[in-house]
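In what follows, a single structure is set out as structure tokens and then discussed.
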Amino acid sequence: MELNKYQQELFNHQRPVIEKFGARTWKWTIFFLLWIGLGGYALYLQIAKGHTVTGMRDNVVWGLYIANFIFFIGISYAGAVISGILHILKVEWRKPIIRIAEMVTVISTIIGPVFILLCVGRLDRLHHLFLYPRLQSPITWDVFAIGTYFTGSVIFLYLALIKDFAIYRDAKLNIPKWQQKMYKILAIGYRGTKGQKRHIRISTNLLAIMIIPLAIIVHSVLSWIFGMTLRPGWHSTIFGPYFVLAAIYSGTGVLIMAMWVYRKMYKLGNYIQDKHFIYLGYIMMVLGAAYGYFTFSEYLTDWFGSEKWSNEVIDKIFNPAKYGWWFLFTNIAGILLPIFIVAFPKTRKPGWITIASFFMVIALWVKRYLIIVPTLESPLLPMQDTRTEYVKYSATWVEWALTFAGIATFFLFFTLLSKFVTIIPISEFGGKEKPVVTTKDSAEENEIAPA
Amino acid sequence: MEEELNKPGIKTNRKDFLKKGLFAGSVLATGAVGISSLTSCSNNSGKKIKVLTADGKLVEVDSNVIIEAHPCCAAPAKESRKGIPGKKFVMVIDLSRCKHALKCQDACQRYHHLSGMNVWLKVFKMHDAETMAPYWMPKPCLHCDKPPCVKVCPVSATYKRDDGIVLVDNDRCIGCRFCMAACPYSTRSFNWEEPQYLSETKGAVYSPELGFPQKKGTVEKCDFCPDMLRQGKLPHCVTACPNGVFYMGDLNEDSVSNGAETVRFSQLMKDKGGYRLNEILGTEPSVYYLPPVNRLFPFKDVEITKENTEETK
Ligand code: SF4
Ligand code: SF4
């Protein structure tokens, strides 16, 4: 594979990352593995003793696991929607960041469903989902939707990788034999002929178009697990779009954070520039405003209508003695903060935007918790149970351990994957680009591309 | 029709039908077969035991029947999906007679070998508003005709039968608990840990109509005692209640019985103003309530304690 000057420079810059598995990487890997090990022990306890080791009981039948499930499927939107849409719109500046975005997608689409498995009481009977599928159940819709979405995302990532694999194959990297061989297999004989280029272009375009509706279906169906029940706080017609929006929003936040980490770690400042943060910041701001609007109309209607049953949930969410502070936090950190940080030129900087993303992503996780737990704590008939754990949910260490194991797995996969492929795709750049040197404020001078 | 009613090959004693007062109208054609010749528990011990029926009569039955009456009459899983032909079961709960004696709950727990953790029949203290009078409300599964729990199950482990009963098959349930989240009446329980009292049910062949042996990681709930209904008997809560709060019967025959008296269902609804719980939800329960008017007992508040909610066993 012939590389042009820009590509050569980009490749040389990232080459050491692939060639060396440094001490720092080892340290992190071991750290993540320790977390996963602890999660493994928690999982063993849960399987041996049953779900009694979790905080879930007959009223609050779902807890942290389901919140994590929604959260991870949500952030998977980084690749699906952000990179899909930018691809279709042919936005040039997307090129350095799409690989990260698609990696987020594939990895979180693997981890999300694992949390469902942790929640299910009989792991040994999962095949029943295919033996006795019932099309009426939103869970069945989810199984098919997530399965298709995952396959689509993997292919989307892979298509963008084929050309890069060919580059790694031909670059005579200083890597073990098996890795050379792997690149050779994965490159499936790509030589950059006209026909091959065309095939990849067409398939990528097709997938970019397909992945967007698929992503929308996945999160709508997911929201309908709640929306299709008769419970206040769940039984809402806007739940589909509300969840979809929250997902794109949190996906953008995670993408910004990942960009920041990689830029720092591998000194990619010349490629992942300030402007990327700012453009994504703008996207985040718009999504934040829309998300705020949805949140407002959802809770306003429930509160204003004030049906008795809805009121019970609303009271739990608004009351400072219950979940009130958390709810306030989700609104400040999850809606106002990103909007204001991006709105003011003073704070419209990669560091600030990353901080805002960080808080926003946490706020959105808390929000998922607030969607699930208060509703389950408000059954229609009075809860006259003296067993406090049946009345109020509080997650146990087992659930937390598995949650952190999930996050550690996310980071671990990311670390490992970035040792096999370059974080910034090389083949994407056609040669028109000239090497850029970023000054601190260069981004502000840049024009904003139509996004 | 009687042959069909006893589908799993169970022949029932005609006297037994009459004694229990259930299905009284349709019973006369049934052949008289001894209770101890029930097919699946035919090992006759020869020992006879005297038992008191709900309506106060002393009868003599084989000792084996007493112990195994339960396991012997339930249909296997596949058949349990169909229901008893020609029937549409309804229950009526007369709130004016309930004094929170909890005998129904005791019987339910005992016959289903339930551990203290899971209670199928809960008795709620209802006090809808400050200005209203409190009352006790026993609540089994309402066996909704449009059951939200059945709608959401991904593997059809919970299902609605032709005779109106909603059952759970714990051999199929994957434990996703979606049905629990979907049921608006807090009916279902989950086996969060290995069920206790497994030794009591050792050897019993599981059937969704029995509800035991329980299994860890699966859902369970009140099943209207279909194994009793197959024998033409009343569910355990109905016979255990000393005040005749529960009536069980067949909508098609328009008759319900609480063991002591058999009445026309439609007449009962008309006379006492029957209603269903939260009609507005559209779940169309099979359980009807009679309002707590002209009460038999004054409402005596009982602290709902650990003992009477969980340690009922
Ligand atoms: S009361 Fe609940 S469990 Fe019973 S049928 Fe209705 S929805 Fe299902
Ligand atoms: S917990 Fe069992 S019965 Fe309930 S919905 Fe899931 S699989 Fe069906």
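In what follows, chains carry the letters A, B, and so on, assigned in the order in which the sequence lines appear, proteins first and then strands, with residues in each chain numbered from 1.
- Residue contact with chain A, scored on non-hydrogen atoms closer than 4.5 Å, involves the backbone and the side chain of B:Lys216 alike.
- No more than 12 heavy atoms of other residues, nucleotides or ligands sit less than 6.0 Å from atom CD of A:Glu307.
- A pairwise comparison of heavy atoms in A:Val120 and B:Ile174 identifies CG1-O, 2.9 Å as the closest pair.
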Candidate pair B:Val155 and A:Thr140, rule side chain to side chain contact (heavy atoms under 4.5 Å, CB included), full reasoning: CA-CA 8 Å; B:Val155 295; A:Thr140 314; over 6 Å; no
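- For the residue pair A:Arg125 and B:Thr218, the shortest heavy atom distance occurs at NH1-CG2, 3.6 Å.
- The most heavy-atom pairs under 4.5 Å with chain A, out of B:Cys183, B:Ser189, B:Pro154, B:Gly175, come from B:Pro154.
- Residue B:Lys122: no heavy atom, backbone or side chain, is found under 4.5 Å from chain A.
- Listed here is the closest heavy atom pair of B:Ala181 and A:Trp234: CB-CZ3, 4.0 Å.
- Distance check, rounded to the nearest 0.5 Å: CE of A:Met56 to CE of B:Met180 gives 11.0 Å.
- There is no contact between B:Val219 and chain A, counting heavy-atom distances below 4.5 Å.
- In terms of non-hydrogen atom pairs under 4.5 Å with chain B, the most contact-rich of A:Leu376, A:Leu230, A:Ile225, A:Leu126 is A:Ile225.
- Note on A:Asp58, A:Asn59, A:Leu380, A:Thr52: by heavy-atom pairs under 4.5 Å with chain B, the leading option is A:Asp58.
- Taking the ring centre of B:Phe190 as origin, the terminal cationic atom of A:Arg57 falls outside the region bounded by 6.0 Å and 45° from the ring axis.
- Around the CZ atom of A:Phe404, the shell of radius 6.0 Å holds no more than 12 heavy atoms that belong to other residues, nucleotides or ligands.
- Side chain of A:Arg122 to backbone of B:Asn170: no donor-acceptor contact under 3.5 angstrom is found.
- Looking only at distances, a side-chain donor or acceptor of A:Gln384 sits under 3.5 Å from a matching main-chain atom of B:Lys125.
- Residue B:Tyr275 qualifies as enclosed at atom OH: its count of foreign heavy atoms under 6.0 Å is above 12.
- For A:Trp397, the CH2 atom counts as densely surrounded, since its 6.0 Å shell holds more than 12 non-hydrogen atoms of other residues, nucleotides or ligands.
- Here the closest non-hydrogen pair linking B:Ser186 and A:Pro379 is OG-CB, 3.5 Å.
- At most 12 non-hydrogen atoms from other residues, nucleotides or ligands lie less than 6.0 angstrom from OH of A:Tyr41.
- The local environment of CH2 in A:Trp309 is crowded, with over 12 non-hydrogen atoms from other residues, nucleotides or ligands closer than 6.0 Å.
- Contact of B:Asp171 with chain A is made through backbone and side chain together, with heavy-atom distances under 4.5 Å.
- To the nearest 0.5 Å, the span separating SG on B:Cys153 from CD1 on A:Ile139 amounts to 8.0 Å.
- A donor-acceptor pair under 3.5 Å is formed between the side chain of A:His128 and the backbone N or O of B:Arg172.
- Once rounded to the nearest 0.5 Å, the distance linking OH of B:Tyr185 with CG of A:Leu381 reads 8.5 Å.
- Between the NE2 atom in A:His51 and the CG atom in B:Asn191 there is a gap of 12.5 Å [rounded to 0.5 Å].
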Test log, rule side chain to side chain contact (heavy atoms under 4.5 Å, CB included), inputs A:Thr229 and B:Phe178: CA-CA 9 Å; A:Thr229 63; B:Phe178 197 0; 3.9 Å; yes
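- Within 6.0 Å of atom NZ in A:Lys322, more than 12 heavy atoms from other residues, nucleotides or ligands are found, so the atom counts as buried in its surroundings.
- B:Ser156 contributes atom OG, which lies 11.5 Å from atom CG of A:Leu135 (distance to the nearest 0.5 angstrom).
- Contact of A:Ile372 with chain B is not made at all, since no heavy-atom distance falls under 4.5 Å.
- Side-chain N or O atoms of B:Trp192 include none that pairs as donor or acceptor with a backbone N or O of A:Thr54 at under 3.5 Å.
- The contact between B:Pro184 and chain A is made by backbone and side chain atoms together, counting heavy-atom distances below 4.5 Å.
- A distance of 11.0 Å separates CZ in A:Arg231 from CG in B:Leu281, rounded to the nearest 0.5 Å.
- Heavy atoms of A:Tyr390 lying under 4.5 Å from chain B belong exclusively to its side chain.
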